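Order of the sequence lines sets the chain letters (A, B, ...), proteins ahead of strands, with each chain counted from 1. What you see is a predicted model; the values in this text were computed from it and never measured.
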Amino acid sequence: MMNRLPRGCVNVGGELASAMEECRRIFIAFFESWGYSPFLPSGLQLLESAWDKLPSQVRSRLVALTTPYGEPCCLRGDITLAAVAYLASHYAPEERPLRICYSDRVYMKSAPPRTSIESFQIGAELLGWEGEGADAEMLSLLLRVLDALGLERTTIALGDSTFLQRALASAESSAAESLADALRRGSLPDYFAVLEKGNIPDFYRTILSAIPRLRGDISVLAEAEKLWGRGAPLSALKTTAATLESQGYGNRISIDLSLARDPGYYSGPLFEVYSWESGRSLGGGGRYDRLLSSCGLMGQAMGFALDLEQAAGLSRFRARRSQVMAWAGGLSPDEALRRAADLSSDGTCIEMNWNVDRNTSLQAAEKRGCRSWVDLASGTAYTLPPDGKGGAS
Amino acid sequence: MLTIALPTGRVFTDAAEMISLAGLPCDGLASPGRKLVIEAGDFRYILAKPSDVPLYVSYGTADLAFVGGDVLLESAMPVVELLDTGAGRCSVVVAGPRSQAERFRGHASELMGLKVATKYPRIADGHFSARGAQVDIIHLHGSIELAPKLGLSDCILDIVQTGSTLRANSLEVLEHVCDVSLRLVASRKSTALRWKEVRSVMNKISSLVKEKRS
């Protein structure tokens, strides 16, 4: 039987799907409790709406198509754009800031080695705030929700695109572009080769030379400030890092002043989330005020998105076993369901089993990795071994 | 423990020598036998097929790696390139029989439909696309020089060190594509979370490279 999926697409089922659903539920409930409204964006975006707001390297990864009405579109590659458009068209200035959270699929061609075109994202955005606090709120909530998902072994790498952009402003535009591009690609030899050739004032050359090694704990900020002197464009990042440190998250953040993220519309503090158990970034985000102003809106915009599949795979819900198998034991369906309902009323997760034979039912419970097996007729219960093998005890 | 991936094959000796000269623990690295994972001090070395090395790094399985510039370019994987060690220096070139040379001297349209055999389809595509030439890329895995000889392709795109293999097969360099050498790379995660250790290795190798150049 041919059951191939289109290349880059994925079916998720079983334990991982269950963990993803649990993570999604916790994530949305957590952010709702902090005043973030769930947001369900349209699956298609008009190309004309997305095109001029995305950098070329992102545009080339969009999955473009034409609707049955003949409109050139792309599958939603980015929920942030949809959120900003939603804010612009639905909310008056006095109704801002807008806080939204989401869990949905996005479609974009992946960079090698991955070939996926669809992924699951959970994320949150805080749009249109004018004062201090949004960065710290978003990062603090992100760390709390990571903990709630059982992702305590995660670290947030924090950078600031303003710092980099201000340092690059001293270089000629082509050199500045090449330097930023080398950092995005992660090529330090290319970066230093451009830096060597570029016509850059000594003061900024010193800073630009140091940027690739300005990584590490929070003391890096003092090092960068010392290098820049008065007026170092680091105040937003310093405030955010200090707030997180005072909240006890000092060991969960690291500084990386060379950090540059796709899609490239960031305009302030930005970050990447890493788990010690995984090699790839779980996601990230940052400030993107310029994107807001490109839609004619004033104020700050801050948001992030995480890869739900990766997060769930590392979460504490990943290896959860089915809880209790409830054997009908010859009872009528009506009576068996009544007794099972009693059993599950305290929150126990149960799975019905209608096998006629008691031993077959018990074996099925073992094979399916159930924690225990209950005979609903007699009330007898057995605890099953954790590896799903061996006899009941 | 920091994990470093090393490519087996041509550049393994260069990489192992560099590790040793830089003063990193390297017991057992000189003669690994059939071992694919070697632990020495606070380091774990993974011996991997050269083309797999960028993959180990981009997935964060290895924190650091030595990898040929050609392999790195071809893989296009998201890693942080820390250093050009200068070792194993060679070039990626387009080579072919002398009869093809005229096509390369003329307008890009002369190259339309050119059949190029290569182990590096991504580099070949990037190179000819940048010139605006639509070519037919034939992906081979070895003995590339055979392709023009047997009429499978008009030319090849491959790495060249001394040029003796080309000469032995009556081929000559038609176009220089880029220079490549052994690079020190790191995973993005490790540069974000383990920068101190990564930087320490990078500095040691960097000092060694500077010392060799001076």
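In this structure, the portion of R185(A) lying under 4.5 Å from any heavy atom of chain B is its backbone and not its side chain. The parts of T191(B) that come within reach of chain A are both its backbone and its side chain, each placing non-hydrogen atoms under 4.5 angstrom from that chain. Using a 4.5 Å cut-off between heavy atoms, S275(A) contacts chain B through its backbone alone, with no side-chain atom that close.
With respect to chain B, the highest number of heavy-atom pairs below 4.5 Å among P212(A), S258(A), G159(A), S187(A) belongs to S187(A). Note on V57(B), T61(B), L72(B), V79(B): by heavy-atom pairs under 4.5 Å with chain A, the leading option is V79(B). Note on K196(B), E81(B), M77(B): by heavy-atom pairs under 4.5 Å with chain A, the leading option is E81(B). Of the listed residues P54(B), A76(B), S187(B), the one with more heavy-atom pairs under 4.5 angstrom with chain A than any other is A76(B).
For the atom pair OG of S281(A) and CZ of R188(B), the computed distance is 10.0 Å after rounding to the nearest 0.5 Å. Taking OG from S190(B) and OH from Y274(A), the interatomic distance works out to 9.0 Å, rounded to the nearest 0.5 Å. Rounded to the nearest 0.5 Å, atoms CG (L188(A)) and CZ (R183(B)) are 11.5 Å apart. Remark: T155(A) OG1 to L193(B) CG distance equals 5.0 Å, nearest 0.5 Å. Once rounded to the nearest 0.5 Å, the distance linking OG of S58(B) with CZ of R280(A) reads 8.5 Å. The distance from the CZ atom of R194(B) to the CH2 atom of W276(A) is 6.0 Å, given to the nearest 0.5 Å.
Using a 4.5 Å heavy-atom cutoff, the side chains of L83(B) and P189(A) are not in contact.
Not counting sequence neighbours, R199(B) has no partner by the salt bridge (Lys or Arg N to Asp or Glu O under 4.0 Å) test.
Minimum heavy-atom separation, W195(B) to R215(A): CD1-O, 3.2 Å. Closest non-hydrogen pair, A192(B) versus S254(A), comes out as O-OG, 3.1 Å.
For CZ of F128(B), the number of neighbouring non-hydrogen atoms (other residues, nucleotides, ligands) closer than 6.0 Å is greater than 12. Within 6.0 Å of atom CD in E177(A), 12 or fewer heavy atoms from other residues, nucleotides or ligands are found, so the atom counts as exposed in its surroundings.
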Y59(B) vs R114(A), test: side-chain contact (heavy atoms from CB on, under 4.5 Å). Steps then yes/no.
CA-CA 10 Å; Y59(B) 273 96; R114(A) 302 181 70 203; 3.9 Å; yes
N/O donor to acceptor pairs below 3.5 angstrom from side-chain atoms of residues 133-140 of chain B, sequence neighbours left out:
none

